Structures are given as structure tokens and as C-alpha cells.
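Written out below as C-alpha cells is the structure these notes cover.
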Amino acid sequence: MPLDIARIRAHRPETEIHYLGTVGSTMTEAARLLAGGATHGTVVIADQQTAGIGRLGRSWVSEPETGIYASILLRLALSAANLPIATLVLGLATAEAIHKATHVACDLRWPNDVLINEGKAAGILTQLVDTSIIAGIGINVNQTSFPAGLRTRATSLRLESGGRLQSREAVFVALLDSLDGFCSTLETQGPDGILRAFTSSSSYVVNRRVIVEEGGVKGWTAGLDKNGFLLVRSDAGRLERIASGGIRPDYSA
Ligand code: BTN
């Protein structure tokens, strides 16, 4: 079934929402709107993407009328050095929204994988355009299977809630509300408030055995630095600051 966009608009009358049945990628559409002067909070959401974009040049499988495929424009009070904090804000908001709407608890894997039982339930992509951020959020809501060969095992809210069909509208409205909440936390408490929230919501920030995807360094996670980058104490004893890419659990030790 297509999204009940009227229900979403009724919950969020103040939000500018652009709804599309099918689009190549909501990221491209959001970039077009941004170039035309769209403001903070503007949303592009689609029922289907034919060319969904993932991180690091990967694609994002976007089965019709099953997941949430959205891009949201953000203008946050962050310096260039602090931009990784925006990614953490989005992960926190997505995890909180999923929990509120479905009662399924999520873990966060730096920088922006939203996991349930170690399966990836949502992914976040941030693109910086001048001082604005285009935040792309894909949430696996009602998928019951995924293509073979994905790098990380994928899961969905439906699979993690005993097969119960979940409301995409409820999850998306909760996402917009949670995003407002964490943007306010950023405004009132600054980056430290977000760093604290992420550290307490993620099992990956401290004392987790990981492999760094770029370069393959192995070690133990050692917290976030003040700009939101992950620190890893490598097996060679060096404190590495992970500036790009991601991490995977290392079960070999
Ligand atoms: C990741 O690789 O983990 C990030 C995936 C981000 C996917 C979302 S779906 C909505 C938006 N439009 C896209 O083309 N990509 C993002």
C-alpha cells in the first residue's frame, strides 16, 4: 500500500513534505529543493527508489511500499569540524523513533548503522552542501527478505517484531519528532549532549573489539573525540582516530 501521506501531514502540519511515488533517489530530489531555497526540516519521502544511494558509493535496495526512503534538509549550528555530530544526531533519532513506534530496541554502530540483534535495520547517509546537510535515511520496515550478498546482514522491524506488519507512517512521524528532540538537545547542550547520548545508546563506542573497514586495523574502541570521531586503541598500541568509513565487529579475538 502507498504511504498514507495525509496521516503524516496531519501529525506534522508545519513540516514541508514532498511525497513521491517513485523516484531515482530522494537525495537528488532534496538537493534540487535545497538549490531552490528549501528550508531546515524540508522532507522528501518516496514509496520506491529506483537508484537508492548508500554510503561509500554503494546502492540502497528500496523495495516498493515496504521501507522508509526519505531525505531531510538540516541546517544545524555546527562548525565544519563538528559535522560528524550531525550523523550521530540522525542515528540517535532513528533508533529512538523505532523504539517508540515499535518497542523494538536498537543498537548504534558508529558512525550511523542502526542495528537490531546485529542486523542492519536502517542506514543513514549525510551529504554536506555548503553549510546545509542532506540527511538520507533508509529504514527497513516491512521487508521479509533481502537480496543475497549484502555486506552486512540486513533485518527489518517486521522481522524483529515476530512478523508483525509495522506502520511506516507511525515510524516516520516518530522519526521527525525524535529528530526535533535531538536537534534541540544539540542547541541547548551543544555537541557534548549528543556525544553523551550516543555513547550511552551504542554498545560499540567503548571496549568493543572491532576491525576498521578502511585499512583493516584491529583493536578495541576507546570512546568518541570531541568532534564525534571514533577512537580505536589498535593492537599495535596506537590510539587511532577513525575519520571515515566504518567499523565491523571482530569476532576472531
Ligand atoms: C547506508 O549505506 O547505510 C546509508 C543508506 C541510506 C539510504 C537512504 S534511503 C533514502 C535516501 N535516498 C537514498 O538514495 N539514500 C538514502
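Numbering of ligands and ligand atoms starts at 1, following listing order. Owing to the predicted nature of the structure, the values given are computational and were not obtained by experimental measurement. Only this structure's heavy atoms are used, side chains among them; waters, hydrogens and symmetry mates stay out.
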Inset, instruction - Look at atom 15 (N) of ligand 1 and say which protein heavy atom is nearest, naming residue and atom and giving the distance to 0.1 Å. - result: Ile53 O, 2.7 Å
Inset, instruction - Please determine, by modelled atom types, if Asp130 and Ser132 share a side-chain donor-acceptor pair under 3.5 angstrom. - result: no
Legend entry - Heavy atom of Arg58, distance to ligand 1 below 4.0 Å: no
Legend entry - Side chain, backbone, both or neither: Ser62 near ligand 1, heavy atoms under 4.0 Å: neither
Inset, instruction - Go through the steps to decide whether Thr155 and Asn140 satisfy the test side chain to side chain contact (heavy atoms under 4.5 Å, CB included), and finish with yes or no. - result: CA-CA 7 Å; Thr155 190; Asn140 300 330; over 6 Å; no
Inset, instruction - Verify whether one side chain among Thr144 and Arg158 offers a donor that lies under 3.5 Å from an acceptor in the other. - result: no
Legend entry - Thr26 N/O to ligand 1 N/O under 3.5 Å: yes
Legend entry - Minimum-distance protein heavy atom relative to atom 9 (S) of ligand 1: Gln49 NE2, 3.4 Å
Legend entry - Arg55 neighbourhood, listing ligand 1 atoms whose heavy-atom distance to it stays under 4.0 Å: 1 (C), 2 (O), 4 (C)
Inset, instruction - Could you tell me whether Leu56 approaches ligand 1 through its side chain, its backbone, both or neither, with non-hydrogen atoms closer than 4.0 Å? - result: neither
Legend entry - Heavy-atom neighbours of His11 NE2 exceed 12 at 6.0 Å: no
Legend entry - Proximal atoms of ligand 1 relative to Ser25 (non-hydrogen, under 4.0 Å): 12 (N), 13 (C), 14 (O)
Inset, instruction - Just do the salt bridge (charged side-chain N to carboxylate O under 4.0 Å, His left out) check on Asp113 and Lys120 with the steps written out, would you? - result: CA-CA 7 Å; Asp113 287 337; Lys120 183 159 165 170; 2.8 Å; yes
Legend entry - For Ile137, atoms of ligand 1 separated by under 4.0 Å from a heavy atom: 8 (C), 9 (S), 10 (C)
Legend entry - Atom indices of ligand 1 within 4.0 angstrom of Ile124 heavy atoms, with elements: 3 (O), 4 (C)
Inset, instruction - Examine Ala51 against ligand 1 and note whether any of their N/O atoms are separated by less than 3.5 Å. - result: no
Legend entry - Numbered atoms of ligand 1 (with element) below 4.0 Å of Gly52, judged on heavy atoms: 14 (O)
Inset, instruction - Assess the side chains of Thr87 and Asn112: does a donor N or O sit below 3.5 Å from an acceptor N or O? - result: no
Inset, instruction - Starting from atom 3 (O) of ligand 1, find the nearest protein heavy-atom neighbour and note its residue, name and distance. - result: Lys120 NZ, 2.6 Å
Inset, instruction - Have a look at ligand 1 and work out which part of Asn112, if any, has a heavy atom under 4.0 Å from it: side chain, backbone, both or neither. - result: neither
Legend entry - Other residues, nucleotides, ligands: >12 heavy atoms within 6.0 Å of Asp180 CG: yes
Inset, instruction - Would you mind checking if Glu214 and Arg55 are paired as a salt bridge, meaning a charged N to carboxylate O distance below 4.0 Å? - result: no
Inset, instruction - Enumerate the atoms of ligand 1 whose separation from the nearest heavy atom of Gly54 is less than 4.0 angstrom. - result: 2 (O), 5 (C)
Inset, instruction - Indicate whether any N or O donor in one side chain lies under 3.5 Å from an N or O acceptor in the other, for Gln143 and Thr66. - result: no
Legend entry - Salt bridge flag under 4.0 Å for residues Arg151 and Glu213: yes
Legend entry - ligand 1 to Trp60 polar contact by distance, N or O atoms, under 3.5 Å: no
